[in-house]
Amino acid sequence: MTFTSQLIVERSEKGSRSSVKEQGKTNEYLCHVYVRNDSLAGVVIADAEYPQRVCFTLLEKVLEEFSTQVDRIDWPSGSPATIQYNALDSYLAKYQNPREADPMCKVQAELDETKIILHNTMESLLQRGEKLDDLVSKSEVLGSHSKAFYKTARKQNSCCGVM
């Protein structure tokens, strides 16, 4: 992953964002790279389901904070052993769930849930409508049968007189 990340950063232009699909041993993943105009770069490696916009938001925030905490002189020769930057772990923990890290993802998820609920509600309303139609037709049939019964009973009883 380190080799792939370095290669992608080297081939990316300053001020650019890009995503590169890579094939791992077991599955595909995306390398999202952001190279700032000052040549500071970051790479997020995530599966294809993780939202691209959230990856670039994470990169932007981490690189911005990194650039304020670490001297620019240390960037080219620095390594995890020589540069102290502890905020990365908290960012990674926060961004594990894109819904909680990104308000847009949260709103989209809520919209999707609302859409499912509305779809189910509409289905149940249609089913109720069909049941009501069945009840109306059954009551109409019952009404016509009761009229026929009433007429037949009236004819039967009209021939007899009360004594």
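Note that the coordinates shown come from a computational prediction; the quantities given were computed from them, not determined experimentally.
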Same apolar cluster (I L V M F W Y, side chains within < 4.5 Å links), I45/L30: no

Looking at residues at least two apart in the chain, or sitting in another chain, which of them share a side chain to side chain donor-acceptor pair (under 3.5 Å) with K14? S39

With sequence neighbours left out, write down each residue that passes side chain to side chain donor-acceptor pair (under 3.5 Å) with E65, or none if nothing qualifies. Q69, Y91

Y50 and C55 have their tightest heavy-atom pair at CD2-SG, 3.3 Å

Which donor-acceptor pairs under 3.5 Å do side chains of residues 122-135 form with protein atoms, sequence neighbours excluded?
from	atom 1	to	atom 2	distance (Å)
E123	OE2	H119	NE2	3.0
S124	OG	N120	O	3.4
S124	OG	T121	O	2.8

Roughly how far, to the nearest 0.5 Å, is the CD atom of E113 from the CD1 atom of I116? 7.0 Å

D38 and R72: side chain to side chain contact (heavy atoms under 4.5 Å, CB included), yes or no, with the steps? CA-CA 9 Å; D38 58 6; R72 188 178 182 137; 3.4 Å; yes

Excluding sequence neighbours, so at least two apart, what forms side-chain contact (heavy atoms from CB on, under 4.5 Å) with L63? Y34, R36, L40

By side chain to side chain donor-acceptor pair (under 3.5 Å), R11 pairs with (sequence neighbours left out) none

Any heavy-atom pair between the side chains of E60 and R17 that's under 4.5 Å? yes

side-chain contact (heavy atoms from CB on, under 4.5 Å) partners for S12, two or more places apart: I8, S16, S18, V33, V35

Looking only at non-hydrogen atoms, find the nearest pair between G42 and L59 and report the distance. C-CD2, 3.4 Å

My understanding is that only residues two or more places apart in sequence, or in another chain, count here; which of them pass ring-ring contact (aromatic ring centres under 6.0 Å, His included) with Y95? none

Under the salt bridge (charged side-chain N to carboxylate O under 4.0 Å, His left out) test, which residues partner K147, sequence neighbours left out? none

Rounded to the nearest 0.5 Å, what separation is found between the OG atom of S67 and the OH atom of Y85? 9.0 Å

Nearest heavy-atom contact between N37 and G15 is OD1-CA, 3.1 Å

Checking H32 against Q52 for the side chain to side chain contact (heavy atoms under 4.5 Å, CB included) test, could you report, in this order, the C-alpha distance in whole Å, the side-chain angles of both residues, the deciding distance, and whether it holds? CA-CA 8 Å; H32 305 280; Q52 181 180 16; 3.8 Å; yes

Could you pull out all residues at least two apart from E13 that satisfy salt bridge (charged side-chain N to carboxylate O under 4.0 Å, His left out)? none

Can you list, by chain and residue number, the hydrophobic cluster partners of L7 when the side-chain cut-off is 4.5 Å? F3

List for me each residue that meets side-chain contact (heavy atoms from CB on, under 4.5 Å) alongside K138, sequence neighbours excluded, and say none if there are none. none

Taking side chain to side chain donor-acceptor pair (under 3.5 Å) as the definition, give me every residue that meets it alongside D47, ordered by chain and number, with sequence neighbours left out. none

